[in-house]
Protein chains: 2
Amino acid sequence: MTQSALIESKNAAGHGPASLDSVLGFHIRLAHGAVYRHFTETFAALGLTQKQVSTLWLVAEMPGIAQSELGNRLRMDRATAMSIVSRMQERDFLWRERCPSDGRKQLLHLTDAGKKALEEAKACIEEHERWLKSRFTPDEVKKLVEMLARIHE
Amino acid sequence: MTQSALIESKNAAGHGPASLDSVLGFHIRLAHGAVYRHFTETFAALGLTQKQVSTLWLVAEMPGIAQSELGNRLRMDRATAMSIVSRMQERDFLWRERCPSDGRKQLLHLTDAGKKALEEAKACIEEHERWLKSRFTPDEVKKLVEMLARIHE
DNA sequence: GCTTGATTGTATGCTTCACTAACAAATAGG
DNA sequence: CCTATTTGTTAGTGAAGCATACAATCAAGC
């Protein structure tokens, strides 16, 4: 229905979006769904979810990062970070170290198995990103990333 | 860490993204999360979720739409559409009509309570959209919507 | 008219994940 | 020392996606 996209974006009362197609949040939701589905397909063989991959990736980038910091950067609350990290630990992809200078914190490190899993995951991410970026020019990708960052920053 | 965004986007091996910040899918995920959280806050009083609002909205736009069509347009599979619609029916926001020309289909219609709920929801959406769009120029919003549509189309 | 296959709805169960609430341990500041 | 904050942990709730299986309906070909 491209028709509905062409409708004047004010309703009869003169305020508010007239069509779902004119709601920015709606498009973000649908785009995320499409990305999520393709990601899940691509990673079905590896048995990793988006949250798990970004957790492995971030711990690799910042070895010794605290669980709370991980949660902050990936926008997970403590409970969510807890369950993600716990499963990754069960699968021997990372291990926790009690922080010597602050006994509250758990510092995270990848195991060798975790590093291996991440390398495999990165290959899948490359493919996934190729699929996603194929519909944009490099300039558009840059602009899109910048605009999305303005939303989640 | 704007630092990591500045790192050259190829890793030591010369292929693949070096930093999470350079992964487009990652930004879509975080942006969606931020939008989702603000949406949930805004709609806590109404007790409606994104899926429920977009369902009410779409049924209002297209009275008599079949459940399967609803699922197609909102990118839900049959089982998900089923659970959303069933809850909306329990709350007396919509009713199902067996299609006279195709006995398989359930045609959806809003009740008066559903129309009222949607009007309240649209006021919240306005506020939500204002919050979301406040960081963009009108041209940027247009470009962003267009790029997101390229992803989920 | 009948069989076959596709579509649609329904029911059940599993998994991810976001959130809340409560609690314990450690820390920081007065 | 006392208090408030931070961090981690556990348990439970709920939305939502997905798979599967099944029944009813429809469409197409013989």
Side-chain angles (χ1 to χ4, degrees), chain A residues 29-30 32-44 46-55 64-91 94-108 152, chain B residues 29-44 46-56 64-91 94-108 152:
Chain A
R29 179 161 191 70
L30 286 192
H32 171 259
V35 170
Y36 176 84
R37 272 182 287 276
H38 186 270
F39 187 101
T40 303
E41 273 177 44
T42 309
F43 280 78
L46 290 181
L48 290 171
T49 66
Q50 285 188 353
K51 277 275 177 287
Q52 290 168 354
V53 171
S54 49
T55 293
I65 188 176
Q67 204 169 281
S68 58
E69 224 347 68
L70 178 82
N72 291 339
R73 288 176 186 270
L74 299 184
R75 269 70 169 185
M76 303 184 283
D77 66 9
R78 280 174 299 158
T80 303
M82 176 69 193
S83 70
I84 305 281
V85 168
S86 289
R87 181 158 317 133
M88 294 287 86
Q89 190 179 26
E90 281 169 24
R91 291 175 68 176
L94 54 77
W95 52 281
R96 303 190 229 221
E97 170 201 12
R98 271 248 113 82
C99 179
S101 65
D102 185 342
R104 292 169 298 182
K105 296 183 179 175
Q106 293 272 36
L107 308 185
L108 306 178
H152 71 248
Chain B
R29 179 160 190 71
L30 286 192
H32 171 259
V35 170
Y36 177 83
R37 272 183 288 276
H38 186 270
F39 187 102
T40 303
E41 274 177 43
T42 309
F43 280 78
L46 289 181
L48 289 171
T49 66
Q50 285 188 355
K51 276 278 177 286
Q52 290 167 357
V53 171
S54 50
T55 293
L56 291 179
I65 187 176
Q67 204 169 278
S68 58
E69 232 334 79
L70 178 82
N72 290 340
R73 288 177 186 269
L74 300 184
R75 269 69 168 187
M76 304 184 283
D77 66 9
R78 280 175 300 158
T80 304
M82 174 71 194
S83 71
I84 305 281
V85 168
S86 289
R87 182 160 314 132
M88 294 288 85
Q89 191 179 26
E90 279 168 25
R91 291 175 68 176
L94 56 78
W95 52 281
R96 303 191 228 221
E97 171 203 9
R98 272 251 112 88
C99 179
S101 65
D102 185 341
R104 293 169 298 182
K105 295 183 178 174
Q106 293 271 36
L107 308 186
L108 306 177
H152 71 248

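In the text below, chain A, chain B and the rest are named by the order of the sequence lines, each starting its count at 1. Note: hydrogens, waters and symmetry copies are ignored here, and every other heavy atom, side chains too, is used.
A sub-4.0 Å separation between OP1 or OP2 of C/dT7 and a side-chain N or O of B/Ser68 is absent.
Under the side chain to side chain donor-acceptor pair (under 3.5 Å) criterion, B/His152 pairs with no residue, sequence neighbours left out. Every residue meeting the side chain to side chain donor-acceptor pair (under 3.5 Å) condition with B/Arg96, not counting sequence neighbours, appears here in chain and number order: B/Gln67, B/Ser86, B/Gln89. By the side chain to side chain donor-acceptor pair (under 3.5 Å) test, A/Thr80 is found to be paired with A/Asp77, residues two or more places apart in sequence or in another chain being considered.
Atom NE2 of B/His38 is separated from atom P of C/dC19 by 14 Å (rounded to the nearest Å). Put simply, NZ on B/Lys51 is 15 Å from C1' on C/dA18, counting in whole angstrom units. Computed from coordinates, the B/Leu107 CG to C/dG9 C1' distance equals 12 Å when rounded to whole Å. The interatomic distance linking B/Met88 (CE) with C/dG9 (P) rounds to 18 Å, in whole Å. Nucleotide C/dT16 holds its P atom 11 Å from the CG atom of A/Leu48, rounded to whole Å. As rounded to whole Å, 13 Å separates atom C1' of C/dT16 from atom CZ of A/Arg91. Across the protein-nucleic acid pair, B/Gln50 atom CD and C/dC19 atom C1' stand 15 Å apart, rounded to whole Å.
At least one side-chain heavy atom of A/Leu48 sits under 4.5 Å from a side-chain heavy atom of A/Arg91. Residues A/Arg29 and B/Leu74 form no side-chain contact, since every pair of their non-hydrogen atoms from C-beta on lies 4.5 Å or further apart. The shortest distance between side-chain heavy atoms of A/Ile65 and A/Leu107 does not fall below 4.5 Å. Annotation: side chain of A/Val35 is in contact with side chain of A/Gln50 (closest heavy-atom distance under 4.5 Å).
In the helix from C/dG1-D/dC30 to C/dG30-D/dC1, the terminal helix axes, each the rotation mapping four pairs' C1' atoms onto the next four within five end pairs, subtend 30°, rounded to 10°.
Protein chain A touches strand DNA chain D; the 5'-most and 3'-most nucleotides with an atom under 4.0 angstrom of its non-hydrogen atoms are D/dT5 to D/dC18.
When heavy atoms are screened at a 4.0 angstrom cut-off, B/Arg75 is found touching no nucleic acid atom at all.
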Each nucleotide in nucleotides 20-30 of chain C should get exactly one letter: B, S or -. Can you fill that in based on protein heavy atoms under 4.0 Å? B-----BS---
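A 6.0 Å sphere centred on CZ of A/Arg37 holds more than 12 heavy atoms belonging to other residues, nucleotides or ligands.
Here the shortest heavy-atom pairing between A/Ala81 and A/Gly71 reads CB-CA, 4.2 Å. Taking all atoms of both residues into account, the shortest heavy-atom contact from A/Arg75 to A/Arg73 is NH1-O, 3.1 Å.
Comparing A/Met82 and A/Arg37 by the nucleotide of DNA chain D whose heavy atom lies nearest to each, the residue mapping closer to the 5' end is A/Met82.
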For B/Phe39 and B/Val53, what are the C-alpha separation, side-chain angles and deciding distance, and is it a side-chain contact (heavy atoms from CB on, under 4.5 Å)? CA-CA 11 Å; B/Phe39 187 102; B/Val53 171; 4.0 Å; yes
